[in-house]
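Every chain is numbered from 1 and lettered A, B, ... according to where its sequence line falls, protein lines coming before strand lines.
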There are 2 protein chains.
Amino acid sequence: MSTIRPLSQADHPPEPGTLTDRICEQLKTAIVRGELAQGCKLNEPALAARYGISRGPLREALRRLEGLGLVVHVPHAGARVITLSRTEVLQIYHVREALEGMAARLAAELMTPAEIVELRSLLARHAHRIAADGGRAYFQQEGDTDFHDRIACASGNPGLVQMLRGELYHRLRMYRYQSSQQAARPAKALQEHEQIVDAIAERDGELAETLMRRHIRRARRAVAEQIRSEFEQPIHFVAEENR
Amino acid sequence: MSTIRPLSQADHPPEPGTLTDRICEQLKTAIVRGELAQGCKLNEPALAARYGISRGPLREALRRLEGLGLVVHVPHAGARVITLSRTEVLQIYHVREALEGMAARLAAELMTPAEIVELRSLLARHAHRIAADGGRAYFQQEGDTDFHDRIACASGNPGLVQMLRGELYHRLRMYRYQSSQQAARPAKALQEHEQIVDAIAERDGELAETLMRRHIRRARRAVAEQIRSEFEQPIHFVAEENR
DNA sequence: GAAGAACAGATTGTCGACAATCAGGCCTCT
DNA sequence: AGAGGCCTGATTGTCGACAATCTGTTCTTC
């Protein structure tokens, strides 16, 4: 079984191989950060010129982003950045609940003692940071992602990891970046994380799944509540040439 | 909320638009059916010639198949059909259990009475077929897929549907096609399907999820048992130029 | 004046050719 | 004889150009 590494540490090899890979990464971060606004049309000649490449690799990169669910492609009409409605954001949490619950269950069976120790130290660092500066929003979110990513990896199920890391997380990060969402309830979340690790350490997969699902359901409710309190326009602002 | 149609009925438009789409479909069915063996190298010039197109659209089709998880792509080394180890097949069932369990829960809340009626009639047809000819393996499998697909659609969660339909089902069908797997326990499975529909009809999402997960777990065990009873070579046979 | 059709511009889809990279075999050297 | 490096062949990566398709505008017609 191929072990799956968390992506926390350096994921910036000095020089990725192919142009398609590089452009794909650049576009991905641009989309997640909102530099390419939601619903924004992705003009092939313009983008190719902007990144100094030809249309061929760019098209392949777009096709790959389509596979990641960050871009929608309509034949003869071009590609657009996806638009994340509030409904869709909440739906992502349903999928997360299902997948990460299963990941926690599997992790409880497979995680090595060393990995559990490392996971605890990760939570200790989070606790320290929260105590120090109240957990500045951005790093808090990244820390949360880091925790969940490690559990996903520990499931030993590459397909599951692929779905979470390759599709859900990007869209969630996109929402977080572009919404004014502050990391609500960091201390509470940390406590829930610790309970989950406890369950894993006791090899109680059933409990780990239950706790993870409850944890994500609460996060979902927090997002739903925040969305409800926003009567303003969509998540950020809608691209001029939308729809 | 965009409604999601089951794919049961005609999914063969007379003439799809772009070459990439067409080749992608052809390659997909070829891979699922094992005409392109597992681990088989996908030579771009050869494939392009074989389908009478240029390498451009073919490469984009390969990239899309990569997104579907049917093909793995190594830079400068080309694309290969994935190899489904027995372990990976079983891991797919874990993901299915999580996702379809959630789908059943959501479907219990959202499914319209008309859809429930239709679902029951679908099961009635299955029952009839099983009573008639014992449920010949192929159609039984397809019928099973049909049932699960409808519930997935009824979840009203496009991302969830996309994951199930776009990634898991293809790989499962690939395994079924190429293994000697016969539809074990058709009558038992049908009975479980009916229980699930009952739970949905009563709007008991909790129960629907539990039953669906149990159903898939049993299917997983049946597959695991069958795999264990095969001491022969891998699923089908390994491509000559493998790995 | 409004509805419909033809046109123009731009954008996407497709193709063939060139350059960069990798795999395998052969030769040379120790 | 074995190990190492070089070379050749093939395959992938990249590019620019041409053809098909769509969108928005303008002209014609009722």
Side-chain angles (χ1 to χ4, degrees), chain A residues 13-28 30-31 36-37 39-68 70-83 238-243, chain B residues 13-28 30-31 36-37 39-68 70-83 238-243:
Chain A
E15 244 289 355
T18 137
L19 275 186
T20 302
D21 294 334
R22 236 174 314 180
I23 302 305
C24 189
E25 284 304 312
Q26 296 194 39
L27 287 177
K28 194 194 297 177
I31 290 175
L36 289 170
C40 172
K41 177 113 184 353
L42 297 172
N43 185 299
E44 295 181 4
L47 279 178
R50 175 169 164 185
Y51 289 103
I53 60 168
S54 143
R55 274 180 57 213
L58 180 83
R59 283 173 65 89
E60 296 188 20
L62 288 179
R63 280 275 161 48
R64 196 185 295 179
L65 290 176
E66 190 185 1
L68 295 183
L70 288 177
V71 156
V72 290
H73 185 91
V74 185
H76 300 289
R80 309 190 91 97
V81 180
I82 59 163
T83 59
V238 177
E240 59 284 359
E241 27 177 7
N242 197 1
R243 195 210 130 93
Chain B
E15 244 289 355
T18 140
L19 274 187
T20 302
D21 295 335
R22 234 174 314 178
I23 301 305
C24 190
E25 284 305 312
Q26 295 194 40
L27 286 177
K28 195 193 298 178
I31 290 175
L36 289 169
C40 171
K41 175 110 188 350
L42 297 172
N43 185 298
E44 295 181 4
L47 279 178
R50 176 168 164 186
Y51 289 102
I53 60 169
S54 141
R55 275 179 57 213
L58 179 82
R59 283 173 65 90
E60 295 188 19
L62 287 179
R63 281 278 161 48
R64 197 185 293 179
L65 290 176
E66 191 186 358
L68 295 182
L70 288 177
V71 156
V72 291
H73 185 91
V74 184
H76 301 290
R80 309 190 91 96
V81 179
I82 59 164
T83 59
V238 177
E240 59 283 359
E241 28 175 6
N242 196 0
R243 162 67 213 184

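A:Glu44 has its CD atom 15 Å from the C1' atom of D:dT14, to the nearest Å. The distance from atom CZ of B:Arg22 to atom P of C:dG13 is 13 Å, rounded to the nearest whole Å. In this structure, A:Leu19 atom CG and C:dA19 atom C1' are separated by 12 Å, rounded to whole Å. Look at CG on B:Leu42: it is 13 Å from C1' on D:dT12, rounded to the nearest Å. Between the P atom of D:dT11 and the CZ atom of B:Arg80 lies a distance of 13 Å, rounded to the nearest Å. Summarising the geometry, the separation between CG on A:Leu47 and C1' on C:dT11 is reported as 13 Å, rounded to the nearest angstrom. At whole-Å resolution of the value, CG in A:Asn43 and P in C:dT11 are 5 Å apart. The distance from atom CG of A:Asp21 to atom P of D:dT12 is 15 Å, rounded to the nearest whole Å.
Not one N or O on the side chain of A:Arg80 forms a donor-acceptor pair closer than 3.5 Å with the backbone of A:Val72. The backbone N or O of B:Pro45 sits nowhere less than 3.5 Å from a side-chain atom of B:Arg55 that would complete a donor-acceptor pair.
The B:His76 side chain lies nearest to D:dG13 when the options are D:dG13, D:dC22, C:dC15. Proximity note for A:Pro45 (side chain, C-beta onward) versus D:dT14, C:dT12, C:dC15: the nearest is C:dT12. Comparing C:dT12, C:dC15, D:dC15 by their closest approach to the side chain of B:Ile53 singles out C:dC15. Between D:dG16, C:dT12, C:dC15, one nucleotide has an atom nearer to the side chain of A:Ser54 than all others, and that is D:dG16.
Heavy atoms of A:Leu58 sit nowhere under 4.0 angstrom from any nucleic acid atom. Contact annotation for B:Leu62: no contact, since no heavy-atom pair falls under 4.0 Å across all strands. At a threshold of 4.0 angstrom between heavy atoms, the contacts of B:Gly78 are confined to the sugar-phosphate backbone, with no base atom among them.
When the side-chain nitrogen and oxygen atoms of B:Thr18 are compared with OP1 and OP2 of C:dT14, one or more of them lie within a distance under 4.0 Å. At the phosphate of C:dC22, neither OP1 nor OP2 sits under 4.0 Å from any side-chain N or O atom of B:Lys41. Distances shorter than 4.0 Å separate none of the side-chain N or O atoms of A:Thr20 from OP1 or OP2 on D:dG13. The phosphate of C:dT11 (OP1 or OP2) has no side-chain N or O of A:His73 nearer than 4.0 angstrom. Not one side-chain nitrogen or oxygen of B:Arg59 sits closer than 4.0 Å to the OP1 or OP2 atom of D:dT12.
In terms of position along DNA chain D, the nucleotide closest to B:Ala77 lies nearer the 5' end than the nucleotide closest to the other residue of the pair A:Ala77 and B:Ala77. Of the two residues contacting DNA chain D, namely B:Arg55 and A:Pro75, the nearest-nucleotide position lying further toward the 5' end is that of B:Arg55.
If you take CG on A:Leu27 and CG on A:Leu68, they are separated by 11.0 Å, rounding to the nearest 0.5 Å. Atoms CD1 and OG1, on B:Ile53 and B:Thr20 in that order, are 7.0 Å from each other to the nearest 0.5 Å.
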Audit row: B:Arg22, B:Glu25, salt bridge (charged side-chain N to carboxylate O under 4.0 Å, His left out) steps and yes/no: CA-CA 5 Å; B:Arg22 234 174 314 178; B:Glu25 284 305 312; over 6 Å; no
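Counting heavy atoms from C-beta on, the side chains of B:Thr18 and A:Pro75 come closer than 4.5 Å.
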